[in-house]
Colleague: 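Quick one: structure below, then a few questions.
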Protein chains: 2
Amino acid sequence: MANIKDVAKHLGVSVSTVSRAMNNHPDVREETKLQVMEAIRALNYRPNAIARGLINKKTYTIGLMIPEISDPFFAGLANAVEETFSKQGYQVVYGNTNRDPVKEKQFLSNAIERQFDGLIITPDFLDDTFKELISGLDMPVVFLRRRTPPGISAPYVDVDHYEAATEAVKYLIELGHRQIGFIGMPESSFTGIQRLLGYRDTMWKHGLLSDDSNIVMSGGRNIDCGRRAMSKLYERNPNVTAVFAGNDLLGIGALEWLAQQKIVVPDQISVIGFDNLEYAELHWIQLTTMEQPRAEMGTKAADLLLQMISDKEMTPESELIKARLIVRQSCKALQTTLSI
Amino acid sequence: MANIKDVAKHLGVSVSTVSRAMNNHPDVREETKLQVMEAIRALNYRPNAIARGLINKKTYTIGLMIPEISDPFFAGLANAVEETFSKQGYQVVYGNTNRDPVKEKQFLSNAIERQFDGLIITPDFLDDTFKELISGLDMPVVFLRRRTPPGISAPYVDVDHYEAATEAVKYLIELGHRQIGFIGMPESSFTGIQRLLGYRDTMWKHGLLSDDSNIVMSGGRNIDCGRRAMSKLYERNPNVTAVFAGNDLLGIGALEWLAQQKIVVPDQISVIGFDNLEYAELHWIQLTTMEQPRAEMGTKAADLLLQMISDKEMTPESELIKARLIVRQSCKALQTTLSI
DNA sequence: CTGAAAGCGCTTACAG
DNA sequence: CTGAAAGCGCTTACAG
């Protein structure tokens, strides 16, 4: 591969001149510029971004930490982030952690050593080591779909899960449901806990029961977990007339189990989800759900980071985004005459 | 951030010694090594991978070009590639092209300038400019889910789409179907064409009709396209008893349209897909399909590239992987007494 | 407008 | 076993 020396030699000028011509520096003669461009083409020369990065202390690379790229929710988020950055000439490097604390830390090390310009992260394990790593970072960071832990100064972009859960449960209550079950993500999930709390508080405020007979923590967040959790919930309390699922995948799993049991949705039981994945729209599913606006969240996070990169001193405000109720076919008003 | 000079100064040794100690060079005293390690920890020093890459001409980064990361098929492929490489300490950088010829070329430029160690690519536009770019590359390349175009020396990993299509159609014929429709991907798709050809030839060999009344090119490859294509196919030929969909997403779209029309699958019409996505397994879908073994393909491609990286001279053999028929509930034997 | 020189943060022959 | 020096491929004050 030709380097800058080769093109300088080819033209009989100095490497300084070639460099300046390439970078469109104002005080280089137009004619020289043209000659350099021509030589670059002729030699098929490509500047070495590594060398450039070393001297400019800028790599045009940002890191994006993702819990599970196979989860369509995060794939959508990542897409939005990527789009915003690639427009600005940045390369985004995904770090798929599979919620593994070791991988999360590895990703940070990687980011440091490879001199990324900034980071958008969705960590699952905010232990002390992790927080130290983050604090020691001298690169801008924004938390996405997470809250910034205390003691760290970095903005976040998240949905108000508590409020959204409140809204979901209120919707079911307004439809006349009283026996409302909850199928949740693992207890270790901040998001999951927020949604559970929103459910609990709303039930309580309306004088409704929400004890262990109505709550199943599914131990995961995929369709399979949803199936199992729905089965367990039904076993514990066959009188539930509505279910709030902690996310769409769990909701879809619940719908599957109900369909297998020939329990008709929404006639016999209503189900509401959380996320609004594409699959919630499938003809057989038609899941009513709380939408998390993925594109908006990803874009917002990217914008914040871009600001922080261009102005190192600034820490922009965090953004709490509102989820929106999407009504489809999986919920129905309870016929009060039929209920006990 | 501390650099190697700082730790050298801290200890009163030369940077050479620090470098050698870090890299576990044999001829450095054990005691020195320990001291260096201690200093590194004390100063929280992280080696700069950019500087390392510049001098070692090795970045431990590989590029993975993907048509559409939102397509679960490619997400799965990417995952397998990523896993293999991250185990070996490589960072994989995704290039999501959205089948945009400009982005495909940009990704190659990026790879060159950023000095990636190798590339796994799934390009959609193999025009002359692209082929030139590839030929000019002095980095190892493997084609994944594509064939290497003539004139280029690089291995590929792909499924035998033609043979797999043949098998799918044979399966339908063996079930007694004669009026078999085809819903295809765009004509620009090599893969799509191969599957179409497999369908056509098999129909022809069995003396069955496969003309325009039985074939709909859907103009895309997602669920929505499948819905529209199925509707068009049915309009053109209401007598079809079976449909071969060019991929699972099209197949799922077809199933949706049929469900909406209250046409019962598989009693009234059989549908077979291609890919074996997770969603094909959903209770309501249960799509019989030709599986493309994604994990195997991704891992294989990664292994080939790894080989080529360690031995620059070698060009390993390409791999043609066999698709496997996965039987679920969407196909059924035709009751011959009822057929015309 | 152009060039020589220093330097980004490392590694590695070479010499001792 | 260790250090001084050269060099990876660039950019950018500095001097002219």
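Note on naming: letters A, B, ... go to the chains in the order of the sequence lines (proteins, then strands), and numbering restarts at 1 for each one.
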Colleague: Does dC1(D) have its OP1 or OP2 closer than 4.0 Å to a side-chain nitrogen or oxygen of Lys33(B)?
Modeller: no
Colleague: Take atom C1' in dG16(D) and the same atom in dT12(D), then report the distance between them in whole Å.
Modeller: 16 Å
Colleague: Less than 3.5 Å apart, any donor N or O on the side chain of Lys103(A) or Asn96(A) sitting next to an acceptor on the other?
Modeller: no
Colleague: Side chains of Arg52(B) and Asn56(B): any donor to acceptor distance under 3.5 Å?
Modeller: no
Colleague: May I have the distance from Asn56(B) (atom CG) to dG9(D) (atom C1'), rounded to whole angstrom?
Modeller: 14 Å
Colleague: If you take all heavy atoms of Glu104(A) and Arg99(A), which pair is closest and at what distance?
Modeller: OE2-CA, 4.4 Å
Colleague: For residues Met139(B) and Asp117(B), report the shortest heavy-atom separation together with the two atoms involved.
Modeller: CB-O, 4.5 Å
Colleague: Between atom CG of Asp158(A) and atom CD of Gln292(A), what is the distance when rounded to the nearest 0.5 Å?
Modeller: 7.5 Å
Colleague: So what is the 5' to 3' dot-bracket string for DNA chain C, if pairs are Watson-Crick or G-U wobble with both distances under 3.5 Å, crossing pairs use [ ] and | means the partner sits on another strand?
Modeller: |||.||||||||.|||
Colleague: For atom P, what is the distance between dC10(D) and dC14(D), given to the nearest Å?
Modeller: 24 Å
Colleague: Grab the CE-P distance between Met1(B) and dC8(C) for me, whole Å please.
Modeller: 17 Å
Colleague: Do Leu305(B) and Pro140(B) have side chains that get closer than 4.5 Å, going by heavy atoms?
Modeller: yes
Colleague: Return the value, rounded to whole Å, for the distance between atom CG of Leu54(B) and atom C1' of dG7(D).
Modeller: 9 Å
Colleague: What integer distance in Å separates Ile55(A):CD1 from dA13(D):P?
Modeller: 10 Å
Colleague: CG of Asp27(A) versus C1' of dG16(D): gap in Å, rounded?
Modeller: 13 Å
Colleague: I need the Leu108(A) CG to Leu137(A) CG distance, nearest 0.5 Å.
Modeller: 6.5 Å
Colleague: Please verify the inter-ring angle class for Tyr90(A) with Phe85(A); under 30° counts as parallel, over 60° as perpendicular, anything in between as tilted.
Modeller: perpendicular
Colleague: For nucleotides dC1(D) and dA5(D), find the distance between their P atoms and express it as a whole number of Å.
Modeller: 24 Å
Colleague: Which of the following nucleotides, dC1(C), dT11(D), dT2(D), is nearest to the side chain of Arg29(A)?
Modeller: dC1(C)
Colleague: Near DNA chain C, under 4.0 Å by heavy atom, which residues of residues 6-25 of chain B?
Modeller: Ser16(B), Ser19(B), Arg20(B), Met22(B), Asn23(B)
Colleague: Specify the closest pair of heavy atoms between Pro67(A) and Thr97(A), including all atoms of both residues, with the distance to one decimal.
Modeller: CA-OG1, 3.5 Å
Colleague: Ile4(B) has an atom CD1; how far is it from atom P of dA4(D), in whole Å?
Modeller: 14 Å
Colleague: Calculate the interatomic distance between Lys5(A) atom NZ and dG3(C) atom P; express it in whole Å.
Modeller: 16 Å
Colleague: So Phe190(A) and His161(A), would you call those rings parallel, tilted or perpendicular, with 30° and 60° as cut-offs?
Modeller: perpendicular
Colleague: Name every residue in residues 38-53 of chain A that has at least one heavy atom under 4.0 Å from any atom of DNA chain C, in order of residue number, or write none if there are no such residues.
Modeller: none
Colleague: I'd like to know if the side chain of Thr122(B) and the backbone of Arg145(B) have a donor-acceptor N/O pair within less than 3.5 Å.
Modeller: no
Colleague: For the residue pair Leu126(A) and Pro149(A), what are the closest heavy atoms and their distance?
Modeller: CD2-CG, 4.0 Å
Colleague: Between Gln115(B) (CD) and dG9(D) (C1'), how many Å, whole number?
Modeller: 9 Å
Colleague: Given dC10(D), dT12(D), dT11(C), identify the nucleotide with an atom nearest to the side chain of Asn3(A).
Modeller: dC10(D)
